[in-house]
Enquirer: 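Submitted below is the structure of interest, expressed as structure tokens.
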Amino acid sequence: MDYEPPKQTIAVSALVKNEKDEILLLRTHWRSDTWEMPGGNVEVGEPLDKTL
């Protein structure tokens, strides 16, 4: 079976602020030179209604 890249990507990010209006930013291990909002994406084959 040949690999085919997905035709679309489902991704999300969040703006998280506290009572002082400070914003949560993260550094990831694959892009440690930037600060980013928390988020993620759905992997190929992963159901959208996945529960913990």
Side-chain angles (χ1 to χ4, degrees):
M1 183 171 164
D2 293 329
Y3 171 78
E4 289 187 36
K7 293 179 181 176
Q8 61 271 34
T9 300
I10 300 171
V12 62
S13 63
L15 175 63
V16 181
K17 292 172 42 175
N18 65 12
E19 62 280 348
K20 296 183 199 177
D21 283 335
E22 296 171 323
I23 298 172
L24 176 64
L25 295 174
L26 307 171
R27 279 190 158 168
T28 61
H29 61 86
W30 61 89
R31 287 181 52 171
S32 62
D33 60 332
T34 63
W35 291 91
E36 303 176 4
M37 292 190 297
N41 62 303
V42 178
E43 299 293 330
V44 175
E46 182 179 1
L48 295 177
D49 61 350
K50 185 176 176 182
T51 59
L52 299 176

Enquirer: Nearest 0.5 Å please: distance from the CG atom of L24 over to the CD atom of E36.
Expert: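 L24 atom CG to E36 atom CD measures 12.0 Å (nearest 0.5 Å).
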
Enquirer: What pair of heavy atoms forms the shortest contact from S13 to M37, and how long is it?
Expert: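 Minimum heavy-atom separation between S13 and M37: OG-CE, 3.9 Å.
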
Enquirer: Residues two or more places apart in sequence or in another chain: which of them pass side-chain hydrogen bond (donor to acceptor under 3.5 Å, both in side chains) with E22?
Expert: N18

Enquirer: Sequence neighbours left out, what passes salt bridge (Lys or Arg N to Asp or Glu O under 4.0 Å) with D21? Give chain and number order.
Expert: K17

Enquirer: If the condition is side-chain hydrogen bond (donor to acceptor under 3.5 Å, both in side chains), which residues does T28 pass it with, not counting sequence neighbours?
Expert: none

Enquirer: Are L25 and V16 connected in a single hydrophobic cluster, I mean Ile/Leu/Val/Met/Phe/Trp/Tyr linked by side-chain heavy atoms less than 4.5 Å apart?
Expert: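 In one cluster with V16: L25, no.
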
Enquirer: Can you name the nearest heavy-atom pair linking N41 to E46, along with the distance?
Expert: O-OE1, 4.3 Å

